[in-house]
Amino acid sequence: QVQLVESGGGSVQAGGSLRLSCVGSGRTLRMYAVGWFRQAPGQEREFVAAITRGGGNTVYADSVKGRFTISRDNAKNTAYLQMNSLKPEDTAIYYCAADPAILTAPLSQERRDYEYWGQGTQVTVSS
């Protein structure tokens, strides 16, 4: 199994940027597709972005497409979420998650497919 720890959250004004990091330990992160999800107060946890094990394919929620970029550095056992042009509606706790899907599986946007989760990092965007 893999343990995940997120960092990089904080408070920014609308239009600002943040980069979230997700460091894996235990089993190497390259064995997993990685997804980012977020949960705002009183709302369901929702998909944000995902990246394949090798980093060659990505998928994004429509709400963040063109503003957020997911990437990974398997040599550092780390995945990233670069968030630009932040909006107040991006305010949430952001979680990274690992999906032990086979190498050729399509990226999943479903929470149930992600077996391991970090503790989350808070992102607050003020107007």
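- Clustering ILVMFWY residues whenever any of their side-chain heavy atoms sit less than 4.5 angstrom apart, transitively, puts Val59 in a cluster other than the one holding Leu81.
- Contacts classified as disulfide (SG to SG under 2.5 Å) and involving residues 23-56 (residues at least two apart or in different chains) are not found.
- A donor-acceptor pair under 3.5 Å is formed between the side chain of Thr78 and the backbone N or O of Lys76.
- Nearest approach of Ser17 to Gln82, heavy atoms of both residues: CB-NE2, 4.0 Å.
- In this structure, Asn77 contributes its side chain and Leu29 its backbone to a donor-acceptor pair below 3.5 Å.
- In this structure, OG1 in Thr58 is found 9.5 Å from NZ in Lys65, a value given to the nearest 0.5 Å.
- The one candidate from Phe37, Tyr95, Phe47 that meets the ring pair (Phe, Tyr, Trp, His ring centres under 6.0 Å) condition with Tyr114 is Phe37.
- Between Val48 and Phe68, the shortest heavy-atom distance links the atoms CG1-CD2, 3.8 Å.
- Val34 approaches Ala79 most closely through the heavy-atom pair CG1-CB, 3.8 Å.
- In plain terms, the two heavy atoms of Ser108 and Ala50 that are nearest each other are O-CB, 4.2 Å.
- Hydrophobic clustering, with ILVMFWY side chains joined whenever heavy atoms are under 4.5 angstrom apart, keeps Ile93 apart from Ile70.
- One finds the CD atom of Glu89 at 9.0 Å from the OG atom of Ser63 (value rounded to the nearest 0.5 Å).
- Between the Asp113 side chain and the Leu107 main chain, no donor and acceptor come within less than 3.5 Å of each other.
- Hydrophobic clustering (ILVMFWY, side-chain heavy atoms < 4.5 Å, transitive): Met31 and Trp36 are in one cluster.
- In plain terms, the two heavy atoms of Met83 and Leu20 that are nearest each other are CE-CG, 3.8 Å.
- A donor-acceptor contact shorter than 3.5 Å links the side chain of Thr52 to the backbone of Asn57.
- Judged as a disulfide (SG to SG under 2.5 Å), the pairs with a partner in residues 83-127 (not counting sequence neighbours) are, in order, Cys22-Cys96.
- A salt bridge does not link Arg111 with Glu46: none of the charged nitrogens is closer than 4.0 Å to a carboxylate oxygen.
- Across all their heavy atoms, Ala14 and Pro88 have their closest contact at CB-CD, 4.1 Å.
- At distances below 3.5 Å, at least one donor-acceptor pair connects side-chain atoms of Glu6 with backbone N or O atoms of Gly120.
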key: Worked check of side chain to side chain donor-acceptor pair (under 3.5 Å) between Arg19 and Tyr80   = CA-CA 7 Å; Arg19 187 175 82 155; Tyr80 304 96; 4.7 Å; no
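- A side-chain donor-acceptor contact under 3.5 Å links Thr91 to the backbone of Val125.
- Using a cut-off of 4.0 Å between Lys/Arg side-chain N and Asp/Glu carboxylate O, Lys87 and Asp90 are scored as not salt-bridged.
- By the criterion of side-chain heavy atoms lying less than 4.5 angstrom apart, applied directly or through intervening Ile, Leu, Val, Met, Phe, Trp or Tyr residues, Tyr94 is grouped together with Val2 in one hydrophobic cluster.
- If you look at Tyr32 and Tyr116, their ring centroids are closer than 6.0 Å.
- Side-chain contact between Leu86 and Leu18: present, with at least one pair of heavy atoms (C-beta onward) separated by less than 4.5 Å.
- Checking side-chain atoms of Arg67 against main-chain N and O of Ser85 turns up a donor-acceptor pair under 3.5 Å.
- Annotation: the span from Thr69 atom OG1 to Asn84 atom CG amounts to 6.5 Å, rounded to 0.5 Å.
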